[in-house]
Amino acid sequence: MMDFELPTEEYLRSIDVHLVLPQQDPFVMIGVLTHFEMMTSTTETLIREDNIFVDKGCFSAAGMMENIAQTCAARIGFYNKFILHKEVQVGFIGAIRDFTVNFLPPVGKMIRTTVDIEEEIFGMTLATARIECDGEIAATAQIKLSVRNIG
């Protein structure tokens, strides 16, 4: 493991998420990276009416799953771009388990997504994730991802 100083929330919030994600608008489902450690990362996202995953005034289950995947991608992208000084990688969802939706966050609400890494081996990442809105857990999941370099 590399030795580096953890970034502050203020620094993370100053980074345009487009720099750490392979996705581009209108398919960016996270707002800002707010926390980064090797094993835990958090994003915040304001649910907007024009989001392609908003249906009947709420962020859909599919949108929340993509939000979880992009929170994982932001973690990997930040690490590669700002710590290793490498290219951003494209990630692929290998499996989703125990995806539980407790409620769909409405437009205008902020969601906070936290991803905890359980294991990383041979380019595969296994993580657990939770999405919170107004202090309540909106969704949880376990996700397995693989990554490859762009280009």
Side-chain angles (χ1 to χ4, degrees), residues 4-84 87-120 124-147 150:
F4 62 92
E5 187 174 325
L6 291 175
T8 65
E9 182 176 337
E10 180 180 25
Y11 173 71
L12 290 170
R13 285 180 180 277
S14 75
I15 296 171
D16 182 347
V17 295
H18 296 85
L19 297 175
V20 297
L21 292 176
Q23 295 89 347
Q24 294 301 307
D25 291 328
F27 210 70
V28 173
M29 293 299 124
I30 63 171
V32 64
L33 183 64
T34 61
H35 179 82
F36 173 87
E37 290 181 25
M38 291 305 295
M39 303 305 280
T40 302
S41 292
T42 303
T43 61
E44 287 182 356
T45 306
L46 178 64
I47 306 303
R48 299 178 183 271
E49 181 73 41
D50 63 352
N51 185 297
I52 62 174
F53 284 114
V54 165
D55 185 37
K56 298 177 185 166
C58 292
F59 197 40
S60 69
M64 287 196 285
M65 189 70 255
E66 183 60 28
N67 176 271
I68 289 169
Q70 288 188 24
T71 297
C72 291
R75 174 193 161 268
I76 294 166
F78 177 82
Y79 181 71
N80 283 327
K81 186 162 189 74
F82 291 97
I83 295 171
L84 297 181
E87 295 296 316
V88 171
Q89 295 175 304
V90 174
F92 300 94
I93 298 173
I96 299 166
R97 294 184 55 198
D98 302 324
F99 182 43
T100 303
V101 176
N102 297 322
F103 65 93
L104 301 175
V107 167
K109 292 291 186 172
M110 182 74 70
I111 60 172
R112 181 178 176 91
T113 305
T114 301
V115 172
D116 295 306
I117 306 306
E118 302 296 324
E119 189 171 0
E120 287 186 300
M124 296 292 294
T125 301
L126 177 63
T128 56
R130 71 184 174 282
I131 296 176
E132 297 175 63
C133 180
D134 287 341
E136 299 290 324
I137 296 177
T140 58
Q142 185 178 66
I143 186 170
K144 187 184 296 183
L145 300 157
S146 66
V147 294
I150 293 177

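Worth knowing before you read on, the calculation uses all heavy atoms, side chains too, and leaves out hydrogens, waters and symmetry mates. None of the values given here were measured: they were computed from a predicted structure.
Inter-residue side-chain proximity for Gln142 and Leu126 is flagged as met; some heavy-atom pair is nearer than 4.5 Å. Looking only at side-chain heavy atoms (C-beta outward), Ile131 and Phe59 stay at 4.5 Å or farther from each other. Taking 4.5 Å as the limit, some side-chain heavy atom of Asp25 sits within range of a side-chain heavy atom of His18. Contact annotation: the side chain of Phe82 never approaches that of Pro7 to less than 4.5 Å [non-hydrogen atoms, C-beta and beyond]. A 4.5 Å side-chain heavy-atom check between Leu33 and Arg75 finds every atom pair outside the cut-off. For the pair Phe36/Ile83, a side-chain contact is recorded, criterion being any heavy-atom separation below 4.5 Å from C-beta on. Thr125 places none of its side-chain heavy atoms less than 4.5 Å from the side chain of Cys72.
Here the closest heavy-atom approach between residue Met29 and residue Gln70 is recorded as N-OE1, 2.7 Å. Minimum interatomic distance between Val32 and Arg13 (heavy atoms only, all atoms of both residues): CG2-CA, 3.3 Å. Summarising the geometry of Leu104 relative to Ala61, their closest heavy-atom pair is CD2-N, 3.7 Å, with the distance given to 0.1 Å. Nearest heavy-atom pair, Ile47 versus Pro106, reported as atom, atom and distance to 0.1 Å: CB-O, 3.7 Å. Taking both residues in full, the closest heavy atoms of Met64 and Val101 are given as CE-CG1, 3.5 Å, listed atom of the first, atom of the second, then distance. Taking each heavy atom of Ile111 and Cys133 in turn, the nearest pair found is CG2-CB, 4.1 Å.
Between atom CD of residue Glu66 and atom OG of residue Ser60 there is a gap of 10.0 Å, rounded to the nearest 0.5 Å. For the atom pair Thr40 OG1 and His35 NE2, the distance stands at 5.5 Å (nearest 0.5 Å). Note that CZ of Arg130 and CG of Asn102 are 13.0 Å apart. Values are rounded to the nearest 0.5 Å.
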For this session: Tell me, with the steps shown, if Glu9 and Thr34 meet side-chain hydrogen bond (donor to acceptor under 3.5 Å, both in side chains).
Result: CA-CA 5 Å; Glu9 182 176 337; Thr34 61; 5.3 Å; no
For this session: Let me see the working for Val54 and Arg48 under side-chain contact (heavy atoms from CB on, under 4.5 Å), right down to the final yes or no.
Result: CA-CA 8 Å; Val54 165; Arg48 299 178 183 271; over 6 Å; no
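Salt bridge Arg97/Glu118: absent, no basic N to carboxylate O contact under 4.0 Å.
Applying the side-chain contact (heavy atoms from CB on, under 4.5 Å) test between Thr140 and each of Thr100, Asp98, Ile68 identifies Thr100 as the sole match.
In summary, the side chains of Asn80 and Gln89 do present a donor paired with an acceptor at a separation below 3.5 Å, with no hydrogens or angles considered.
Legend: residues meeting side chain to side chain contact (heavy atoms under 4.5 Å, CB included) with Thr71, ordered by chain and number and at least two apart, are Ile30, Thr43, Asn67, Thr113, Val115.
For Phe27 and Phe53, the ring centers are positioned less than 6.0 Å apart.
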